Amino acid sequence: MGAKVRIDREACIGCGACIALVPDFFELNSDDGKAQVIEKYRMGGDPASGEAPDKLLNDIKSAAEGCPVGAIKVEE
Ligand code: SF4
């Protein structure tokens with residue numbers, strides 16, 4: 001089972017850093033300009049939560065560390 005990732009979309013300021021780092025997992029929501037999980041990896045259709053594939057986990061952790069507002073949480 002992969003790690004769970006949650007994005008606090010209220011806190012996200014749409015800087016795009018996580019998307020630049022892991023475009024295979026994060027994308028910008030074109031309506032509100034905030035980060036969300038790409039459809040393929042969403043859990044329960046919720047754009048704010050997803051399951052990280054092992055091959056992207058390290059990059060997703062780096063994105064979580066690099067988020068300027070700490071909006072990305074990774075639970076293993
Ligand atoms: Fe939002 Fe953080 Fe991603 Fe920037 S790095 S787009 S603030 S979740």
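In this text the structure is predicted, and so the values were computed from the model without any measurement. Whatever order the structure lists them in is the order used to number ligands and atoms, beginning at 1.
- The backbone N or O of Asp31 sits nowhere less than 3.5 Å from a side-chain atom of Lys34 that would complete a donor-acceptor pair.
- Around atom 1 (Fe) of ligand 1, the protein contributes the following N, O or S atoms at distances under 2.8 Å: Cys12 SG.
- Of all heavy-atom pairs between Val69 and Ile13, the closest is CG1-CG2, 4.1 Å.
- With contacts defined as side-chain heavy-atom distances shorter than 4.5 Å, the pair Glu51/Arg42 does not qualify.
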_Go through it in stages, so that I can follow the logic: the residues are Val5 and Met43, the test is side chain to side chain contact (heavy atoms under 4.5 Å, CB included), and I'd like the CA-CA distance, side-chain angles, deciding distance and then a yes or no._
CA-CA 9 Å; Val5 179; Met43 290 192 306; over 6 Å; no
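- For Phe26, there are no ring pair (Phe, Tyr, Trp, His ring centres under 6.0 Å) partners, not counting sequence neighbours.
- The shortest distance between side-chain heavy atoms of Pro47 and Val37 does not fall below 4.5 Å.
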